[in-house]
Each structure stands twice: as C-alpha cells, then as structure tokens.
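We name chains A, B, ... by the order of the sequence lines, and we start the count at 1 in each one.
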Protein chains: 2
Amino acid sequence: MNKKCIIRLLRYKNALHRLNTLGFVKIFSDNLADAVGVTATQVRKDFSLFGISGNKRGGYQIDALIEKLNGLMGKDELQEVVIVGGGNIGTALMKYKGFEKEGIKIVACFDIDPSKYQKKEKEVSVMALEELKDFVKARKIKIGIIAVPEIAAQQVLDHMLAAGIKGIVNFAPIRLRGSADCVINNVNLVLELETVIYFIVNGLNKMIGEIHEDQKS
Amino acid sequence: MNKKCIIRLLRYKNALHRLNTLGFVKIFSDNLADAVGVTATQVRKDFSLFGISGNKRGGYQIDALIEKLNGLMGKDELQEVVIVGGGNIGTALMKYKGFEKEGIKIVACFDIDPSKYQKKEKEVSVMALEELKDFVKARKIKIGIIAVPEIAAQQVLDHMLAAGIKGIVNFAPIRLRGSADCVINNVNLVLELETVIYFIVNGLNKMIGEIHEDQKS
DNA sequence: GATTTATAGTGAAAAAAATCACAAAAAAAC
DNA sequence: GTTTTTTTGTGATTTTTTTCACTATAAATC
Ligand SMILES: NC(=O)c1ccc[n+]([C@@H]2O[C@H](COP(=O)([O-])OP(=O)(O)OC[C@H]3O[C@@H](n4cnc5c(N)ncnc54)[C@H](O)[C@@H]3O)[C@@H](O)[C@H]2O)c1
Ligand SMILES: NC(=O)c1ccc[n+]([C@@H]2O[C@H](COP(=O)([O-])OP(=O)(O)OC[C@H]3O[C@@H](n4cnc5c(N)ncnc54)[C@H](O)[C@@H]3O)[C@@H](O)[C@H]2O)c1
C-alpha cells in the first residue's frame, strides 16, 4: 500500500462530495481522475489497493463510494479542533464555514494577547493560552492548529503535546518535529507561492504534474 | 533531475535564511537535512544534481549557499503578486508581513463586493475586479492568488488568464486546471487538516515521513 | 441472443525517487 | 608530516510509485 495513495483517497472523497452535491449519481474512473488531477489507471489502482470496487462498464455509484471512503478514512465522527494563535491566519480559519461539511469543527482558539480574547455567541471563543490544557483534556480534543509566529511555535507545540494533542497542522514557517505520539503537518504558505514563482521565472510551465510535497512527522 | 528536488531546494533556501539570521555561518549536510526533514544524503544528492558543492569536511558556507540557491531559483528580483478575493484568507495574506523577506510583495487585491474596497496608505488596496486586467497588464504582474469561494474560482481564473497572469496559487477547494501557459498550485487547507485527522484516527503515527502532495498543473 | 463496446481490475514492467556504500579530500590530531 | 577523523560527492542499488498491457465483465447495440 502506497503512502501517497492515502492523500489521493482524501482527494477523491472531497471531489466526490462536490460532484454529489452537484447532482451526479455515478462516475467513471476517468472523470474522477480528471477532477483530482491524476490518471484513470491510478484511481483504479488506488481503489484496488483498498479493496474498493465498482461495476464493469458501469463505473462507481457515488454515494456508495463516498460511504466506503469515509469508512476507510475513519471520518464517521465530528472532529473537534483547537487553534493556538488568533491572528491573521487563526482568524481566517475561525471564520471559515467550510470545515463543518467535512466533519471538522473549530471549537476554540487560544492566544497570549489578552486583547484577542473574546467570548461571543455564534463565534469561536478566544481564550488565554493557560486554559488550553484543561479545555483540551476535558473535551478529549486530539487535533490542533498552530498559527503563532515562528518564534513561539516550538513552545506552543510543547503546550499542545502536554495537553494531549495528537495531530497538528502548523502554519509557522518552521519545521516542527513530531513523534510516535504526535503527527505534525507543516504547511508553509510562502513556499506555496515560491514554488509557483520558481516555475514561472524558470519558464518550466512544461513541467506539468504533481509537484508539491509537504511533510508529516 | 528530480521534480520534488526543486521544492526541497526551496526548503533548503528558507531554512538557510533562518539559520543565517540566527547567526550561523556554516552548515553541514546533516544539520540542513535535519532542519528540513530529509536525510543528509538527500541534501547532498540534491546539491550534486544542481552542481552545488561545499567543502569536504568543511560543510557549506551559508551565505554562498543561499546566493547559489537564489540564483538557481531565480529569486533575484522582487515578485509582485495580486490577490483576488478580499475575504478571510485574502485579508490574512494581505496583512502578512513575512512575504517581503522572501522577495514577494502583495501589491493589490481585487473583489466584486464594493464594501471590501479600500484605499489606504500602508495597506494593500482592494479594488474592483474590473480593474484587475489593466492593473496586471500595466505592472506586468505574473503571479496571482485566488481566494474566492469555490463557485467563483473558475471565473476568476479566466479573468486572470486574460490579464496575463502566468502562475497562480489557488485556495478554493477545487482543482483548477493550468495550461502550458499558466502554472496553478492548488492549496487545500481543509485537506491539510483531514490528512492529519486520518493519521490520528487510524493510529498511523508510525507512518512517519513525507506524506502530503499538492498539485501543480 | 450474439456481438460490439466501454470500463473495471490487476499483474508485470517501467520510471522515478531515495538510499546505500564507498571513494576522495580536507581538516584535525598526534 | 603522517595518521585519523570527518564530511562531501556520486555511481550503484534498492525501494517506491506510476504506467502499461491485457483480461474480465457488464451494458448497449444489432
Ligand atoms: N497571515 C498569513 O497569511 C501567513 C502566511 C504565511 C505564513 N504565516 C505564518 O502563520 C503564523 C501566523 O501568522 P499570522 O499572520 O496569523 O500572525 P499574527 O501575528 O497575525 O498572529 C499571531 C497570533 O499569535 C499570538 N501569539 C503569539 N505568541 C503566542 C504564544 N506563545 N501563544 C499563543 N499565542 C501567541 C499573537 O498574540 C497573535 O494573535 C506565523 O508563523 C506566520 O509566519 C502566515
Ligand atoms: N478562510 C479559510 O480559513 C479557508 C480555509 C480553507 C479554504 N478556504 C477557501 O478559500 C477561499 C476563500 O475563503 P474565505 O474564507 O476567504 O472566503 P470569504 O467568503 O471570506 O471571501 C471571499 C471573497 O471573495 C469575494 N468574491 C466572491 N466572488 C468573487 C468574484 N467573482 N470575483 C472577485 N471576488 C469575489 C467576496 O466578495 C469575498 O470578499 C474559498 O474558496 C474557501 O473555500 C478558506
């Protein structure tokens, strides 16, 4: 079984979700491939690896496929997520409405700057960093987002680990190290831009295909 | 030459930048590997592929290395970038101070919602989408960021292509297709979270290593 | 109901990427 | 100034990932 395959499965699931809400009922491997940006063979191979099967000459039933993928991906229960750092990125994430439909809920944000604290109905509360540990332990939260300046990232990671967080998306432009006990996905938005710039400046538009790669550790 | 290698080179560059500002002068392949999350052999192999050499038993001179990488990456001139969509993500990016030191400058934002328009000193102006084309053409801007709702993304892409944009980072959770004439880097933040959730829910913390992969097309 | 056709499924082959293993060379130690 | 140590550089090898080439099968057509 292929490591990258897992990320592709998540992509398939998201694409199928979209196609489903658009009213599609059945899909062929090449449509799905197209939506996600891979080859049809790859889609079928991935499915084959995970024991997903469709109907020969009939394609795949979208709802059954989504169900199967959700099962494989363990996306049955709503995942509660906390953010540390209520600045630009943290706020953007808090305000984003698109998480819920993927079974993700941002339940709280923690900051050290008291001017950021807020407690409103309908909005995500911003609390003192000191409250993180109790909050996370009480609600058994497993996933956290780091949206603090680079300089504070390692320290925040330590707080999160102490609180029992098991998975982190880190937006600080520094590679935080995970462990057997905690997976970290380092997302570097500047790098996303730089990558594009590289291809433009060097006229490598030809080099089409999957290119970027993040790191989980 | 390896495709992923290019992204690693950008990572090396960023890490070196950081180490440099921290006062380091020279570095060994294993330090750099550590900072970026790869093996020392990989670092040397990558450098070898791009004709970068250091000093046996002496490691690499950081400033010379940065210069060489900048040369290879074509990061000599300041890159001006426009955003379309002045909402949550667009605003976060506009306010972010970390681009300039990587030679990137957000010069303007375009939106269809007049309530978002603003023209202040010191801040990035938000203008009407209709002004995009002239602005981009006049300043010969090559790079754009799409930060509009999914439903509007394809249309915005068309506007950008018409304006002459050659490279795009797209935050809408839909795969926009590039062409020989335009590179698109689709960034999906929900997927970044979902990936972490997958690893936690399935107890695959063991599966340490580089995992995530974005797409440029 | 036979034939054609489109599509899934998959072992085999190819391609791509990472790692290994070791030579070369520079610095350090003696 | 010789030996040891440390680190780079890279061809060879291994591993991983993708693609190919083909079979099986269900639907559509005749
Ligand atoms: N905004 C962007 O578009 C953008 C782009 C690329 C990368 N990033 C990275 O994302 C991270 C956040 O960026 P931002 O623009 O939102 O920054 P920001 O300065 O707007 O927000 C950071 C927040 O973290 C809080 N904070 C600082 N130290 C803390 C600590 N120890 N514990 C808890 N909270 C703390 C601050 O009070 C502030 O509210 C940074 O590492 C940045 O480099 C941001
Ligand atoms: N905010 C997040 O944390 C987050 C997370 C994941 C993905 N995204 C994606 O990023 C994109 C932007 O998200 P957001 O939260 O910033 O949305 P938002 O609704 O806050 O902002 C969207 C902006 O785009 C403008 N807009 C709409 N149609 C437009 C058009 N045709 N031309 C120009 N401008 C137009 C709107 O006026 C608005 O200002 C969305 O596709 C979203 O799915 C955002």
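If B:K45 and B:F28 are placed on DNA chain D by their nearest nucleotide, the residue sitting closer to the 5' end is B:F28.
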### Message
Determine whether A:E80 and A:K142 satisfy the following criterion, salt bridge (charged side-chain N to carboxylate O under 4.0 Å, His left out), listing intermediate values before the conclusion.
### Response
CA-CA 8 Å; A:E80 299 196 321; A:K142 294 279 161 285; over 6 Å; no

### Task
Start with the C-alpha distance between B:Q154 and B:D158, add both sets of side-chain angles, then the distance that settles side chain to side chain donor-acceptor pair (under 3.5 Å), and finish with yes or no.
CA-CA 6 Å; B:Q154 182 63 53; B:D158 296 341; 3.3 Å; yes

### Derivation of the side chain to side chain donor-acceptor pair (under 3.5 Å) call for B:N55 and B:Y60
CA-CA 6 Å; B:N55 317 302; B:Y60 304 82; over 6 Å; no

### Task
List the steps, then state whether side chain to side chain donor-acceptor pair (under 3.5 Å) holds for A:N14 with B:E194.
CA-CA 10 Å; A:N14 289 349; B:E194 287 188 302; 3.0 Å; yes

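Remark: side-chain polar atoms of B:N186 are not paired, donor with acceptor, to backbone N or O of B:N170 under 3.5 angstrom. A donor-acceptor contact shorter than 3.5 Å is absent between the side chain of B:S29 and the backbone of B:R44.
Following rounding to the nearest Å, A:D34 (CG) and C:dT7 (C1') show an atom-to-atom distance of 16 Å. When the P atom of C:dA16 is taken as reference, atom CZ of B:R8 falls 15 Å away, rounded to whole Å. Distance, A:K26 NZ to C:dA8 C1': 13 Å, rounded to whole Å. Across the protein-nucleic acid pair, B:I7 atom CD1 and C:dA16 atom C1' stand 14 Å apart, rounded to whole Å. We find that CZ of B:R44 is positioned 16 Å from P of C:dA24, with the value rounded to whole Å. When rounded to the nearest whole Å, the span between CG of A:L32 and C1' of C:dT7 equals 14 Å. In this structure, CZ of A:F47 is placed 10 Å from P of C:dA8, rounded to the nearest angstrom. Between the CG atom of B:D46 and the C1' atom of C:dT19 there is a distance of 12 Å, rounded to whole Å.
Taking a 4.0 Å limit (strictly below) on heavy-atom distances, residues 53-62 of chain B reaches DNA chain D at B:S53, B:G54, B:N55, B:K56, B:R57, B:G59, B:Y60.
Nearest to the side-chain atoms of A:S29 among the listed nucleotides D:dT8, C:dT19, C:dA8 stands C:dA8. Here the nucleotide nearest the side chain of A:K4, chosen from D:dT17, D:dT8, C:dA8, is D:dT17.
Base engagement by B:T41 is indicated by at least one non-hydrogen atom pair under 4.0 Å involving a base atom.
A centroid separation of 6.0 Å or more is found between the aromatic rings of A:F47 and A:F50.
OP1 or OP2 of D:dT19 lies within a sub-4.0 Å distance of a side-chain N or O belonging to A:Q42.
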